[in-house]
Amino acid sequence: MKTAICYYSRHHGNTRKVLDAMAQEGSVDLIDVTTRQAVRLEDYDCLGFASGIYGFAFHKVVVDFAQQYLPAGKPVFFVYTYGGAKGTGAKAMVTLAQEKGCPVLGEFSCKGYDTFGPFQMVGGIAKGHPDAQDLEKARQFYRQLCSRRQEGTQP
Ligand SMILES: Cc1cc2nc3c(=O)[nH]c(=O)nc-3n(C[C@H](O)[C@H](O)[C@H](O)COP(=O)(O)O)c2cc1C
């Protein structure tokens, strides 16, 4: 299965660590949505969209990128990391996928080290995350997603 995951990961690279773990499981291209590059998302079997949670939601750059480039009907999944309060999580992406007729295959999230604002004063929260267990769960999530598609039990 050929997959691309379009992501934004700036605060501590937490989300990118999760995506690197998933990419160990198969053919996955990681696309940083802030770099200008020619991408043909039509060529992939399925697409992931990933972000740290910023202000209780997926980062706007990822939502805007998907709004512009997500091909109609393409199967999608979502990945995010958060310090402690995920807020609406991937809700904006789910809504967008529905608008574009894209089946949602699943969603993975875990905590990510957070030193934003006042948390810096206490050395941050969710220290050490994503940890080895988070990364193993991420690999498992992607493995299961691939095998469900291979078995034809998912779009
Ligand atoms: C500007 C800013 C806003 C944030 N807002 C939230 C938030 O609303 N809820 C939360 O749980 N974490 C919040 N965080 C923490 C990040 O979601 C968390 O550290 C995440 O793992 C960052 O992912 P990244 O390192 O891949 O960018 C925020 C961090 C920053 C820098």
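These numbers come from a predicted model, not from an experiment. Positions are given from 1 along the sequence.
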Atom pair [atom1]/[atom2] of [X] and [Y] - distance to nearest 0.5 Å:
X     : Y      : atom1 : atom2 : answer
Ser51 : Phe65  : OG    : CZ    : 13.0 Å
Phe58 : Met93  : CZ    : CE    : 6.0 Å
Tyr7  : Thr34  : OH    : OG1   : 7.5 Å
Thr3  : Phe77  : OG1   : CZ    : 5.5 Å
Met22 : Gln140 : CE    : CD    : 11.0 Å
Leu30 : Asp20  : CG    : CG    : 6.0 Å

For [X] versus [Y], what's the shortest heavy-atom pair and its separation?
X      : Y      : result
Tyr80  : Ala90  : CE2-N, 3.7 Å
Pro103 : Gly73  : CD-O, 3.5 Å
Ile5   : Ala50  : CG2-CB, 4.0 Å
Thr115 : His11  : N-NE2, 3.0 Å
Val18  : Leu135 : CA-CD2, 3.9 Å
Ala97  : Val104 : CB-CG2, 3.9 Å

Could you check whether any side-chain N or O of [X] sits under 3.5 Å from a backbone N or O of [Y], counting only pairs where one atom can act as donor and the other as acceptor?
X      : Y      : answer
Lys74  : Leu47  : no
His59  : Gly52  : no
Lys111 : Asp134 : no

With a 4.5 Å cut-off on side-chain heavy atoms, are [Y] and [X] touching?
X      : Y      : result
Leu105 : Val76  : no
Val28  : Tyr142 : yes
Leu96  : Phe49  : no
Asp64  : Gln68  : no

With sequence neighbours excluded, tell me which residues meet salt bridge (Lys or Arg N to Asp or Glu O under 4.0 Å) with Arg143.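 So Arg143 forms a salt bridge (Lys or Arg N to Asp or Glu O under 4.0 Å) with Glu25, Glu136.
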Looking at residues at least two apart in the chain, or sitting in another chain, which of them share a salt bridge (Lys or Arg N to Asp or Glu O under 4.0 Å) with Asp131?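 Salt bridge (Lys or Arg N to Asp or Glu O under 4.0 Å) list for Asp131, sorted by chain: empty.
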Hydrophobic clusters here meaning ILVMFWY residues chained together by side-chain heavy-atom distances under 4.5 Å, can you tell me if [X] and [Y] are in one?
X      : Y     : answer
Tyr113 : Tyr54 : no
Phe141 : Met1  : yes
Ile125 : Ile53 : no

Side chains of Thr81 and His129 only: does a donor on one sit below 3.5 Å from an acceptor on the other?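 Distance-only check fails for Thr81 and His129.
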Just checking [X]: does its [atom1] atom have more than 12 heavy atoms from other residues, nucleotides or ligands closer to it than 6.0 angstrom?
X      : atom1 : result
Glu42  : CD    : yes
Lys91  : NZ    : no
Lys137 : NZ    : no

